[in-house]
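See structure below.
Positions are given from 1 along the sequence. Counting starts at 1 for both ligands and their atoms, in listed order.
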Amino acid sequence: MIKTALTRWFDLDVPVFGAPMAGVAGGELARAVSLGGGLGMIGVGSETPAEWIVEQGRIPAEADVSHGVGLMAWALELRPELLAAAIATEPVLVSVSFGDPEPFVGPLHDAGIAVATAVNSLADLDRAQTAGADVIVVQGTEAGGHTGQRATLPLLQEVLAATDRPVLAAGGVATGAGLAAVLVAGAAGAWIGTPFLSCPEATNSAAARELIRHAGGDRTVLTSAFDIAQGLPWPARWPGRALVNDFTETWHGREAELRGDTRAAEQVRRARADGDLANAPVYAGESVGLVTVEESATDVVRRLAADARTALEKAPRLLG
Ligand SMILES: Cc1cc2nc3c(=O)[nH]c(=O)nc-3n(C[C@H](O)[C@H](O)[C@H](O)COP(=O)(O)O)c2cc1C
């Protein structure tokens, strides 16, 4: 067992939070992460049906384990019903990221649910604290999916110096040694996404999981090309980190031309429907090169915990 403020708060064996990942993290992945001793989060995208959230929330509940739900602030402004659906699943934690969490903190606290929010800058931290967020997720640009421009480690150190609230490190933590590193830096745990992209409990396709296992960490790109092509109203300050593929090779850096290009829009729509991974987004972080085998999420969490423990046990030797 590794104890931190957040393992005590949420009664966890391992300071690992399975990051919410729209299109990948449903109830099965959340359950598997929680069974490993961490806290699994269900990822809700801007187009996720509200009923799906309720259905998925039953899966961890049936196994008698806790879960969290991850929402996006800009999507909640357009679809407030997603908040009620998330609350109905009785999660212990809800994250509201990518926008101002303030309007959603009150209703979540009234329902007895703790609130996390991802921050990508120090200005975001101010906003998160003013909003009353309980848990701060420092999300570095190394992270898979939509993220900011600052790197995890320097932002983590700055945030830790500026807040007393519990902080999770997100972006690039993919080994037990990496987990140990952020704990020693002062984080209360890690918010981990990419290492779960090859798990059988994920809702991505088997072909996507195979691609992840063969992808190298040098081959990701932070791009708005997919959002612009699909006409998604993602705020420009959060591009998405995805595997380099034919679509990003063609369009990344040519976003102005992409706007209103109906052929490109149709190409991405069809690629997503057909599972054409050369043209659909495959969001993944820089740690993707460390993901090489298919492994259950429960085992991933247990391995991270055991290896972090070994790393922490070795650390005192550094003192000579
Ligand atoms: C495929 C994918 C989908 C994601 N979807 C969401 C999401 O719906 N909501 C959210 O808050 N973060 C989302 N993220 C970001 C993660 O919550 C997290 O910050 C990130 O995965 C952590 O970095 P790592 O990928 O290096 O582990 C997503 C990440 C990935 C890889």
Side-chain angles (χ1 to χ4, degrees), residues 16-26 29-30 33 38-48 52-53 56 68-76 82 86 93-99 101 104 115-120 124 133 135-148 150-153 155-156 168-175 178-179 182 187 189-199 202-205 208-209 211-212 215 217 220 222 226-227 232 234-235 238-243 272 277 280-291 297 300-301 304:
V16 165
F17 289 66
M21 297 188 280
V24 176
L29 188 64
V33 169
L39 181 69
M41 306 277 298
I42 295 171
V44 176
S46 58
E47 296 170 350
T48 304
W52 180 89
I53 303 172
Q56 298 298 309
V69 179
L71 302 167
M72 307 191 301
W74 67 264
L76 285 179
L82 298 178
L93 179 69
V94 165
S95 63
V96 182
S97 299
F98 308 119
F104 314 107
V115 182
T117 189
V119 302
N120 303 98
D124 289 348
V135 177
I136 306 296
V137 179
V138 170
Q139 191 201 33
T141 194
E142 302 93 317
H146 290 80
T147 189
R150 299 276 320 261
T152 307
L153 193 53
L155 186 60
L156 177 66
L168 292 167
V173 179
T175 62
L179 174 58
V182 296
W191 180 269
I192 292 179
T194 295
F196 295 114
L197 291 177
S198 157
C199 295
T203 57
N204 54 356
S205 68
R209 295 200 286 274
L211 192 65
I212 290 287
T220 70
L222 189 59
F226 292 111
D227 296 331
L232 293 174
W234 262 99
W238 293 292
R241 184 171 297 286
L243 297 185
R272 289 185 59 188
L277 301 178
V282 181
Y283 288 113
E286 288 192 4
S287 70
V288 70
L290 293 160
V291 184
V300 172
V301 175
L304 287 170

Query - Counterpart residues, side chain to side chain contact (heavy atoms under 4.5 Å, CB included), relative to L76 (two or more places apart) - result: L71, L82, L83, V96, F104

Just the distances, no angles: every ligand 1 N or O to protein N or O pair closer than 3.5 Å, one line each.
unit_1   : atom_1 : unit_2 : atom_2 : d
ligand 1 : 5 (N)  : A22    : N      : 3.1
ligand 1 : 8 (O)  : A22    : N      : 3.1
ligand 1 : 12 (N) : P20    : O      : 3.4
ligand 1 : 14 (N) : P20    : O      : 3.4
ligand 1 : 17 (O) : P20    : O      : 3.1
ligand 1 : 17 (O) : W191   : NE1    : 3.3
ligand 1 : 19 (O) : Q139   : NE2    : 3.0
ligand 1 : 23 (O) : G171   : N      : 3.2
ligand 1 : 25 (O) : G144   : N      : 3.0
ligand 1 : 25 (O) : T194   : N      : 3.1
ligand 1 : 25 (O) : T194   : OG1    : 2.6
ligand 1 : 26 (O) : G172   : N      : 2.8
ligand 1 : 27 (O) : G193   : N      : 2.8
ligand 1 : 27 (O) : T194   : N      : 3.2

Requested in this report: Could you tell me whether the side chain of M21 reaches within less than 4.5 Å of the side chain of N204, counting heavy atoms only?
Outcome: no

Query raised in the report: Aromatic rings W238 and F98: how do their planes relate, parallel, tilted or perpendicular, breaks at 30° and 60°?
Result: perpendicular

Query - Whether T152 side chain and G171 backbone form a donor-acceptor pair below 3.5 Å - result: yes

**Report entry** With sequence neighbours excluded, residues passing side chain to side chain donor-acceptor pair (under 3.5 Å) with T220
**Finding:** R241

Query raised in the report: Who are the side chain to side chain donor-acceptor pair (under 3.5 Å) partners of S287, not counting sequence neighbours?
Result: none

